[in-house]
Amino acid sequence: MSEQTPMVQFKDVTKIYKGKTPAVSHANITIKKGEFCCFIGTSGSGKTTLMRMINRMNSITSGEVFINGKNVNNLNPVDLRRKVGYVIQNNGLMPHMTIKENIVLVPKLLKWSQEKLDQKAKELIKLAELPESYLDRYPAELSGGQQQRIGVVRALAADQDLILMDEPFGALDPITRENLQDLVQRLQQKMGKTIVFVTHDMDEALKLATHIVIMNDGEVVQDDIPENILQNPANEFVENLIGEDRLAEAKHDTVQVKEIMLTTPVKINLGASLKEALSLMKQRNVDTLLVTDDDDHMKGYIRINRLEHRYHRASSVSDILESDIYTVKPTAYLRDTVDRILKRGSSYVPVVDDNNKLVGIVTRSALVTLVYNTIWGDTDPMSSAELSKHQKDQVTKGADDDHD
Amino acid sequence: MTSFLAQHGSELIEKTWEQIYISAISLGLGILFAVPLGIILSRFPKTANVVMNIASMLQTIPALALLALMIPLFGIGQIPAIVALFIYSLMPILRNTYLGMKGVDPNIIDSAKGIGMTNWQSIIKVEVPLAMPVIMAGIRLSAIYVIAWSTLASYIGAGGLGDFIFNGLNLFQPDLIFGGTIPVIILAIVTDYLLGKVEQKLTPASQKLN
């Protein structure tokens with residue numbers, strides 16, 4: 001993909017309020033088009049100041065801010081603000097204007113025709129998922145959540161590509177907040193807007209963001225995608241911000257296949273006879289055998305029912321080999337593997353190394369244990385050793401599931 | 001009463017008109033001067049303190065003394081009276097305009113700026129409408145003061161209903177005093193009522209809900 005101009009770019013940006021320590025110091029951040037970027041931090045961390053420098057609501061002490069490659073200091077602040085959507089905490093609706101007047105405030109400043117304004121108002125009230133009759137009401141006649149819905153769609157009224165949101169849902173109750181978050185997420189995905197979202201709520205950031213910037217004392221502490229922040233918190237501050245529960249949860253996410261795989265899969269050599277295969281199945285009480293060559297390279301698998309059908313016609317394992325087998329690498333993340341295993345409906349996945357050598361097997365029953373631990377968040381998380389042991393106990397049971 | 005009206009009827013109408021004329025011009029000038037000043041001052045809080053203090057000081061000069069002070073500057077007649085009453089009308093309007101503008105939720109002003117209103121648009125479309133009830137309260141208060149004090153204007157030859165009252169006092173004729181006072185009271189009540197209507201009209205619909 002070609003390098004496209006970032007939607008917003010901070011280059012060594014510092015903001016100092018008169019006679020105070022810097023509110024933001026030397027921030028370098030790049031926000032790409034279509035990103036949902038959350039600035040998160042405690043109060044006084046400079047996150048709001050940082051955001052407000054984008055539309056010049058706060059002046060920039062030093063450094064440069066670019067929107068679409070243009071230095072904001074070279075743009076007329078009023079024109080700039082009309083092109084950038086802006087949503088603030090207490091919805092910022094004009095109490096003396098009707099919902100309709102509020103929604104089309106920016107288009108009206110841009111001198112759209114009345115016809116276009118009417119049309120836009122109807123279109124946006126639909127986006128806000130509110131009835132058209134609300135257009136003639138005043139903000140005070142709407143609930144807090146409904147008001148903020150209007151606040152959100154108002155920021156879209158003039159087809160702005162970039163929307164700034166300053167703790168927009170901070171004053172709402174949890175259920176309403178969640179609904180609004182869903183609305184914003186839907187709109188963002190549907191319309192491909194770039195959103196810069198200031199919050200102090202980690203849950204909110206993790207739910208919405210595709211890019212998180214963590215601020216503390218005016219410094220950017222970490223700037224990354226949510227997954228990386230969860231897995232590699234930059235320092236203790238970030239860890240505290242994320243919280244122990246989420247870190248524990250994220251840890252489960254980072255378990256690698258090799259940590260829970262069983263290292264002694266039931267396997268048979270490619271050249272072995274069917275008789276040998278059958279007796280091995282009986283002995284280990286399984287209905288499937290993994291097949292390898294002399295150097296332990298993964299070749300495929302054989303199944304009991306196929307063996308039964310062809311027992312008299314075929315002589316060696318290679319004759320009834322099925323090679324369309326799905327394997328994983330020992331270093332793969334389990335969370336990616338879980339999904340596939342569950343979706344494919346297979347009871348196990350062989351683990352092969354980079355040379356296609358069979359090194360282990362992950363069974364469904366081991367996954368059940370893992371999922372159980374994640375969900376119940378047991379106080380004493382099972383070590384991988386215990387997990388493997390657990391898995392050994394259940395390996396036969398897992399294989400039995402394959403009979404259908 | 002009928003004999004009083006028969007005797008002084010035409011004079012009463014003329015004096016009432018003068019009273020209205022003096023008061024209306026003073027108040028009108030006061031509004032034209034104090035409302036914009038209050039709005040501007042809301043942008044400069046430090047200067048506002050100084051200006052408010054000066055306006056308060058002017059307010060403490062006794063009305064009669066202020067009228068008398070006008071004579072060396074403007075002579076006698078309606079002009080010095082109007083100037084004096086204008087000065088008197090300033091304070092309540094100025095203070096209320098300033099407080100009304102200051103009282104507008106800063107979040108709303110921030111929002112207006114944030115969505116791209118110019119300073120001027122923010123003032124005209126957002127702040128003044130929201131401050132209107134408070135501004136109007138100041139104007140109504142000033143109106144009553146000005147109407148009442150403009151009776152004193154007759155002292156420096158400006159005419160008005162004060163002529164009746166001063167004549168009554170000089171000639172020991174209570175009916176003249178009443179004849180001057182009652183129309184002033186009626187005038188004040190009617191004016192307040194009418195300004196109340198104007199306030200209703202100017203106050204945004206949503207603000208009336210509260």
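Order of the sequence lines sets the chain letters (A, B, ...), proteins ahead of strands, with each chain counted from 1.
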Quick one: what part of A/Arg137 sits under 4.5 Å from any heavy atom of chain B, side chain, backbone, both or neither?
neither
Heaviest contributor of heavy-atom pairs below 4.5 Å to chain B, chosen from A/Gln89, A/Gln160, A/Arg82, is A/Arg82
When you compare the side chain of A/Arg81 with that of B/Ile115, does any pair of heavy atoms fall below 4.5 Å?
no
Kindly determine whether B/Lys113 and A/Asn55 satisfy side-chain contact (heavy atoms from CB on, under 4.5 Å), including the steps that lead there.
CA-CA 10 Å; B/Lys113 187 179 172 194; A/Asn55 64 348; over 6 Å; no
Of all of A/Leu105, A/Thr98, A/Leu93, A/Val87, which one pairs up most often with chain B through heavy atoms under 4.5 Å apart?
A/Leu105
For B/Arg95, I'd like to know if atom CZ has over 12 heavy atoms of other residues, nucleotides or ligands within 6.0 Å.
no
Greater than 12 external heavy atoms within 6.0 Å of B/Ile79's CD1
no
Does atom NZ (A/Lys32) have a neighbourhood of more than 12 heavy atoms from anything else shown, all under 6.0 Å?
no
For B/Phe178, does the CZ atom have more than 12 heavy-atom neighbours from other residues, nucleotides or ligands under 6.0 Å away?
no
Would you indicate whether B/Ile76, at its atom CD1, is surrounded by more than 12 heavy atoms from other residues, nucleotides or ligands within a distance under 6.0 Å?
no
Do you know which of B/Asp105, B/Thr118, B/Asp110, B/Ile109 has the most heavy-atom pairs with chain A at a distance under 4.5 angstrom?
B/Asp110
Distance-only side-chain donor-acceptor flag, B/Ser111 / A/Arg154, under 3.5 Å:
yes
Look at atom CZ of A/Phe66 and say whether more than 12 heavy atoms of other residues, nucleotides or ligands are closer to it than 6.0 Å.
yes
Return the minimal non-hydrogen interatomic distance between A/Pro95 and B/Ile108, and the atom names on each side.
CD-CD1, 3.1 Å
Value for CE (B/Met117) from CG (A/Leu109), rounded to nearest 0.5 Å, stands at 5.0 Å
In terms of heavy-atom contacts, does OH of A/Tyr17 have more than 12 from other residues, nucleotides or ligands at under 6.0 Å?
yes
What pair of heavy atoms forms the shortest contact from A/His96 to B/Pro129, and how long is it?
CD2-CB, 3.6 Å
